[in-house]
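Here the structure comes first, spelled out in structure tokens, and everything after it is commentary.
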Protein chains: 2
Amino acid sequence: MDVREALLEAATKVFAEFGLRGATTRRIAQAAGVNEVTLFRHFKSKDELFQAALETFARRSQTRALPDVPLHPRQELLEWCRTQYRDLYKHRSLIRKAMAEQEEHPAHCALGMEASVRIAEQLSTYITALRQAGLASGDWDVRAATNMLLGAIFADAMGRDTMPERYPYNMRDAIEHYVDLLLNAIGAMAPAKPARGRTA
Amino acid sequence: MDVREALLEAATKVFAEFGLRGATTRRIAQAAGVNEVTLFRHFKSKDELFQAALETFARRSQTRALPDVPLHPRQELLEWCRTQYRDLYKHRSLIRKAMAEQEEHPAHCALGMEASVRIAEQLSTYITALRQAGLASGDWDVRAATNMLLGAIFADAMGRDTMPERYPYNMRDAIEHYVDLLLNAIGAMAPAKPARGRTA
DNA sequence: GTGGCAAGCAAGTAGTTACTTGCACACAGA
DNA sequence: TCTGTGTGCAAGTAACTACTTGCTTGCCAC
């Protein structure tokens with residue numbers, strides 16, 4: 001059914017732009033290019049529409065896995081982090097709105113939170129494997145290291161467009177900076193990182 | 001004028017809870033314990049009320065400075081980061097709502113963005129001083145290191161209450177973890193950090 | 001052609017929104 | 001005692017909200 005799909009897509013788009021209260025049925029119908037009445041013929045209520053819309057949105061998001069056995073930590077982390085960053089940046093408007101809404105409507109955001117937790121667990125597992133393989137060492141907490149890298153990526157993706165003066169480097173370099181800093185922090189820099197000039 | 005102040009406080013409180021669209025004049029008046037008409041006797045419009053409310057909120061936020069000449073990096077960073085974390089966590093609801101609103105009403109959030117930029121510049125200056133004093137070394141970008149630490153603190157403050165499984169350590173330990181990881185990352189760990197057992 | 005189905009359109013309902021008006025009351029200073 | 005001044009209260013406005021109803025139109029299968 002084509003109209004139904006258009007409505008679902010329009011709902012997430014308008015939600016990302018105006019938030020839940022600002023995403024009126026009129027605006028959604030207009031964005032989908034259908035009559036407002038048609039919206040209510042496909043979905044019993046605005047709430048049901050959003051339930052369905054966020055579900056299909058969450059289902060569509062694919063996951064990129066980190067290898068079970070780390071071989072080239074820097075390369076593997078760079079690729080994985082770039083994927084995460086792209087996702088976060090692409091959906092930054094929706095994520096900001098969802099974060100604001102989650103206190104009032106936790107059910108709507110549960111899927112997003114779960115995805116975020118899964119991603120963090122993936123990285124934690126990888127970092128643990130790094131340490132066990134002797135590719136990282138030192139006195140640090142795996143969860144904290146995970147949250148440090150993910151936090152940097154998240155904050156960058158959320159703040160780059162609104163505070164450009166805080167991010168004088170471009171997105172591609174950003175990931176490299178954060179990954180290298182983390183690898184340094186967890187004592188995993190020696191073998192993997194190529195020299196970049198000013199190495200002290 | 002007591003009523004005016006109560007209205008300003010109620011406005012920020014209700015905004016933090018319900019967002020701009022959800023912060024109706026009725027709710028604000030009720031939270032301030034006055035009649036809705038009284039609200040419009042003190043402020044021409046809902047918009048003017050919020051302009052004033054966010055301004056007084058921003059004016060009230062004090063800044064804690066980092067020393068110009070770093071002496072005890074770990075201690076100084078810990079204290080400063082704890083202050084930043086407390087502020088972010090205390091106002092997390094308001095910050096989440098403001099982040100969601102900033103695309104539609106950038107003027108309302110400009111003060112918050114400026115504060116965030118100032119804080120980042122403070123930390124950048126301090127880290128630069130660290131390097132110049134020979135207390136940190138390596139091939140890394142000062143801005144990236146700044147954003148890494150601030151990003152970790154920000155993401156923690158925003159996500160801890162809604163994703164507790166991602167943060168198995170408490171808030172106090174969190175700052176210590178992040179600061180130590182950053183100090184490791186920028187090659188500033190040698191003299192300052194006391195042993196914590198498992199040091200490799 | 002005829003039936004059925006999906007959609008559009010105009011109109012309406014009931015509730016909420018920001019904001020206004022008019023009047024009554026209570027208190028404080030002259 | 002009079003007179004502002006600040007407030008509460010009841011009511012009303014116009015616009016918007018989610019959602020409904022009734023009727024019409026186009027299209028596709030038979």
Side-chain angles (χ1 to χ4, degrees), chain A residues 1-57 94 97-98 100-109, chain B residues 1-57 94 97-98 100-109:
Chain A
M1 202 133 282
D2 210 6
V3 173
R4 192 187 152 89
E5 208 163 323
L7 278 167
L8 290 172
E9 199 168 330
T12 69
K13 185 187 157 192
V14 176
F15 169 75
E17 196 171 350
F18 297 101
L20 195 59
R21 262 180 259 258
T24 66
T25 53
R26 186 180 305 185
R27 269 203 261 247
I28 295 169
Q30 194 170 1
V34 302
N35 194 281
E36 194 182 351
V37 181
T38 303
L39 186 155
F40 287 101
R41 289 210 183 95
H42 284 266
F43 302 93
K44 267 189 272 189
S45 65
K46 177 180 163 176
D47 209 71
E48 192 189 281
L49 165 61
F50 275 107
Q51 207 85 14
L54 294 181
E55 194 179 322
T56 58
F57 176 81
L94 190 141
K97 302 299 188 300
E101 226 76 57
Q102 96 207 7
E103 290 160 88
E104 237 179 310
H105 307 90
H108 282 313
C109 315
Chain B
M1 203 131 284
D2 208 7
V3 172
R4 192 185 153 88
E5 208 164 321
L7 279 167
L8 290 172
E9 199 169 330
T12 69
K13 185 188 156 191
V14 176
F15 169 76
E17 195 171 351
F18 298 101
L20 195 59
R21 262 181 258 259
T24 66
T25 53
R26 186 180 305 185
R27 269 204 260 247
I28 295 168
Q30 195 170 359
V34 302
N35 195 281
E36 193 181 352
V37 182
T38 303
L39 185 155
F40 288 101
R41 290 208 183 96
H42 284 266
F43 302 94
K44 268 189 271 188
S45 66
K46 176 181 165 177
D47 209 71
E48 193 189 280
L49 166 60
F50 275 106
Q51 207 86 14
L54 294 180
E55 195 180 322
T56 58
F57 176 80
L94 191 141
K97 302 300 187 301
E101 226 75 57
Q102 97 206 6
E103 290 160 87
E104 238 180 309
H105 306 92
H108 281 315
C109 315

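In what follows, every chain begins at residue 1, and chains take the letters A, B, ... in the order their sequences are listed.
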May I ask you to verify if any side-chain N or O of [X] is less than 4.0 angstrom from the OP1 or OP2 atom of [N]?
| X | N | answer |
| --- | --- | --- |
| B/N35 | D/dC9 | yes |
| B/T38 | D/dT7 | no |
| A/H42 | C/dA6 | no |

What residues, two or more places apart in sequence or in another chain, satisfy side chain to side chain donor-acceptor pair (under 3.5 Å) together with [X]?
| X | value |
| --- | --- |
| A/E17 | none |
| B/R41 | none |
| B/E101 | none |

Tell me whether A/K97 contacts the main-chain N or O of B/A100 through its side chain, where contact means a donor paired with an acceptor under 3.5 Å. yes
Figure out the [atom1]/[atom2] separation between [X] and [N], and round it to whole Å.
| X | N | atom1 | atom2 | answer |
| --- | --- | --- | --- | --- |
| B/D2 | D/dT7 | CG | C1' | 13 Å |
| A/R4 | C/dA6 | CZ | P | 13 Å |
| A/L49 | D/dT17 | CG | C1' | 15 Å |
| B/Q30 | D/dT7 | CD | P | 18 Å |

Name each donor-acceptor pair under 3.5 Å that joins a side chain in residues 26-34 of chain B to protein atoms two or more places apart or in another chain, with its distance.
| unit_1 | atom_1 | unit_2 | atom_2 | d |
| --- | --- | --- | --- | --- |
| B/R27 | NE | B/G22 | O | 3.1 |
| B/R27 | NH2 | B/G22 | O | 3.2 |

So if I define the base as every atom that isn't primed, P, OP1 or OP2, how would nucleotides 16-25 of chain C read as a B/S/- string at a heavy-atom cutoff under 4.0 Å? -BSBBBB---
For residues 48-56 of chain B, please give each side-chain donor-acceptor pair under 3.5 Å, one per line with the distance, not counting sequence neighbours.
| unit_1 | atom_1 | unit_2 | atom_2 | d |
| --- | --- | --- | --- | --- |
| B/E48 | OE2 | B/K44 | N | 3.4 |
| B/E55 | OE2 | B/R59 | NH2 | 3.3 |
| B/T56 | OG1 | B/A52 | O | 3.3 |
| B/T56 | OG1 | B/A53 | O | 2.9 |

